[in-house]
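Everything on this sheet refers to the single structure shown next.
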There are 2 protein chains.
Amino acid sequence: MTVKIKDVAIRAGVSTTTVSRVLNGEKYVREDLKNRVNEAIQDLGYAPSQIARSLVRNKTNLLGVIVPDLTSSFYSTILSSIEQTATSNEYNLLVCNISEDIEKEYKYLNIFKEMRVEGIIIMHEKINEKIREFINKLDIPVIFSSVKPMDQSFISVIVDDYAAAYDATKYLIEIGHERIGFIGGDMRDITSGQNRYSGYRNALSDHGIKIVHEHIRFGDYKVKSGYDMMGELLRYKLQPTAVFAVSDDMAIGAVNCIADHGLRVPEDISVMGFDGSQLTELVRPRITSMEQPIHHMGKVTVETLLRLISGEIQQEEDIILGHRLEVRDSCRNVK
Amino acid sequence: MTVKIKDVAIRAGVSTTTVSRVLNGEKYVREDLKNRVNEAIQDLGYAPSQIARSLVRNKTNLLGVIVPDLTSSFYSTILSSIEQTATSNEYNLLVCNISEDIEKEYKYLNIFKEMRVEGIIIMHEKINEKIREFINKLDIPVIFSSVKPMDQSFISVIVDDYAAAYDATKYLIEIGHERIGFIGGDMRDITSGQNRYSGYRNALSDHGIKIVHEHIRFGDYKVKSGYDMMGELLRYKLQPTAVFAVSDDMAIGAVNCIADHGLRVPEDISVMGFDGSQLTELVRPRITSMEQPIHHMGKVTVETLLRLISGEIQQEEDIILGHRLEVRDSCRNVK
DNA sequence: GTGAAAGCGCTAACAC
DNA sequence: GTGTTAGCGCTTTCAC
């Protein structure tokens, strides 16, 4: 049996109340008693049960996080930042990975409810009706990080996807490209997919460039789809001179596909990514990317969630963080 | 206030015991009562408190995991596998990331103790005396995954680092290399660093190849150190024709360094990695690597830990999983 | 300053 | 089959 507060009390010759007071750093405990208690704690190797504490305090200091893919560089970086921020605020993380299985989401949310987590962070936006309802009924603050589901009633910490995609496309135009391919993200229920696509289209039309449907494809944000979609783009005789992929992973897939076709990046085709994951620096050529402030995003997510929990704020609007173009080696100035 | 078992009991017109029985799927509950209870649960949106449950059952269904770096492809892949296995066994994961700050480890272990996790998985081996003692006193099963600290009393799920490094080096010899560089891992307290180094050395001497100290460097398993150490290896007039880096990340760093020096992989220099992370397939050239069964490793780790928890086994020995050479494009046959 | 006692939400004897 | 009761390990009034 693990040692409990009563054992400490007996050993120190005081009541459990006094031990509790010492534990919680309350004043009104005589110095010598405090010392005796601390000694007893030390001797016995006592650690208070957070379980019992949570029950009586009605507070668990737990946050639940749902990640769509732990192995993704983008999500694991946000998660890392979330973990850091949570920990430095005395919160612990219950982490769940739903990978492909969207049905798991409901299950996990239910576990979070049972565990009485104080707040939930979701980084996945394929929310179905059942989940939507469940979240709405939940009396636990929920915040979406880096994604924005369709439902207006959920709050998200995101970049302005439309503006970011617009700016990325504009940059490609400014360095002289006119045939600009696009590898978009999923358009179903995915606002970022839609907004990035709009940004791309509008940047083109605002600069008098006609939209060529043969230059447009949609993937699922992962490397393989970038590779496959790039393959399709390369099949047209009038190949794009630049391609904007709305995730770094897809950009890398595109670069690999181009290389495997015996063409070179950026000499033959320029490739622009999106996200600013670590991978951009890791591959050759290094990927020019429209970056999200990934680290900051995790931090802001947790900080906002904690304010939501404490009731300090009652956020109703999304939090929009700034995007930034990071020029590396994958886009060539053709002017 | 959240709804509790008593609310359900009142609404269903039964005692809390009956509700509890329905909740836990016990028999000896009349059908009609069971239905009334389930309805009440549904109506009220009741979810039992795991906190209260844990307290009385003295069982939390929680596992604690300490990861050295969440953003690393290798660790996040193991973590993903751990999460999956834990979840399918009804266990939840408390995840902590210690990044560089080793002092945090003690803090996290203490949190795990307070949270009454049933088992702990550590993927970090720079264990100091304080931690070692703490773990030894802990009455919670601890298992190391993919790493092996010096202390014999801890159990690890790992590959045979010596044999794996030996085989990797042997392969390079077999395809005709004689000047084989080595970028090792940390040697302090890191058994894998030492074992992989021994494997390399012995493979060379067993094949009558002299060990050249100018061909040997040590990094910290990360991309940057692979890059830097490769830079040093390139400074010698008698450059190696192949380099064995004991992590894929360092291998990628080495490849990038070679490219930045205007040389080509594998035409000018071959590069062999270690780990089998997703990155090997993602960069060009794809990295030939001595692979650990990463996914399986996570699974075995959790399964073993759960058996340790249930008392089903009392493992005292490490679990050694098989390694496998995955030939890709970064090593050239020079015979 | 300190302790006795009640209670957090649930389960598990034990009685009926 | 069902309900009463005690108790899990802690905190927190409320007396003293």
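Only this structure's heavy atoms are used, side chains among them; waters, hydrogens and symmetry mates stay out. Chain naming here is simple, since letters A, B, ... match the order of the sequence lines and numbering starts at 1 in each.
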Note, B:Asn128 side chain near B:Glu103 side chain (heavy atom, < 4.5 Å): yes
All pairs passing ring pair (Phe, Tyr, Trp, His ring centres under 6.0 Å) where residues 126-151 of chain B contributes a residue, at least two apart: B:Tyr106-B:Phe134, B:Phe144-B:Phe154
Whole-Å distance separating the NZ atom of B:Lys59 from the C1' atom of C:dG9: 19 Å
Whole angstrom value for the distance that separates P of D:dT13 from CG of A:Asn24: 13 Å
Between C:dA12 (P) and B:Glu26 (CD): distance, integer Å: 7 Å
Within residues 45-104 of chain A or reaching into it, pairs that qualify as ring pair (Phe, Tyr, Trp, His ring centres under 6.0 Å) - sequence neighbours excluded: none
Atom-to-atom span, NZ of A:Lys34 to P of C:dT2 - whole angstrom: 10 Å
Listed partners of A:Glu129 passing salt bridge (Lys or Arg N to Asp or Glu O under 4.0 Å), at least two apart: A:Arg132
side-chain contact (heavy atoms from CB on, under 4.5 Å) against B:Ser80, all qualifying residues, sequence neighbours excluded: A:Leu70, A:Thr71, A:Asn97
Atom-pair distance (CG on B:Asn61; P on C:dC10), nearest Å: 16 Å
Separation of atom CG in B:Asp7 from atom P in C:dC8, rounded to whole Å: 12 Å
With B:Glu312 via salt bridge (Lys or Arg N to Asp or Glu O under 4.0 Å) - residues at least two apart: B:Arg307
Under-4.0 Å side-chain N/O to phosphate OP1/OP2 contact, B:Arg57 with C:dT11: yes
Listed partners of A:Glu303 passing salt bridge (Lys or Arg N to Asp or Glu O under 4.0 Å), at least two apart: A:Lys299
Given C:dT2, C:dC10, D:dG9, the nucleotide with the shortest approach to the side chain of A:Leu55: D:dG9
Residues forming a salt bridge (Lys or Arg N to Asp or Glu O under 4.0 Å) with B:Arg30, sequence neighbours excluded: B:Asp32
Rounded distance in Å - NZ (B:Lys4) to C1' (C:dT11): 17 Å
d(CZ, B:Arg36; C1', D:dT2) in whole Å: 12 Å
NZ/B:Lys59: more than 12 non-hydrogen atoms of other groups inside 6.0 Å: yes
Partner residues of B:Arg53 under the side-chain contact (heavy atoms from CB on, under 4.5 Å) criterion, sequence neighbours left out: B:Leu23, B:Asn24, B:Pro48, B:Gln50, B:Arg57
Closest to side chain of A:Ser20, choosing from D:dT12, C:dT2, D:dG1: D:dT12
Find every protein N or O atom lying less than 3.5 Å from an N or O atom of nucleotides 3-7 of chain D, and list the pairs.
residue	atom	partner	partner atom	Å
D:dG3	OP2	B:Ser15	N	3.1
D:dG3	OP2	B:Ser15	OG	3.2
D:dG3	OP2	B:Thr18	OG1	2.6
D:dG3	O6	B:Arg21	NH2	2.7
D:dT4	O4	B:Thr17	OG1	2.9

Axis bend over the full length of the helix from C:dG1-D:dC16 to C:dC16-D:dG1, computed from five pairs that close each end, to 10 degrees: 40°
Pairs touching residues 67-77 of chain B that satisfy salt bridge (charged side-chain N to carboxylate O under 4.0 Å, His left out), sequence neighbours left out: none
Phosphate OP1/OP2 of D:dC10: any A:Arg53 side-chain N/O under 4.0 Å: no
B:Glu118 side chain vs B:Asn61 backbone, donor-acceptor pair below 3.5 Å: yes
Within residues 38-52 of chain A, residues whose heavy atoms come under 4.0 Å of DNA chain C: none
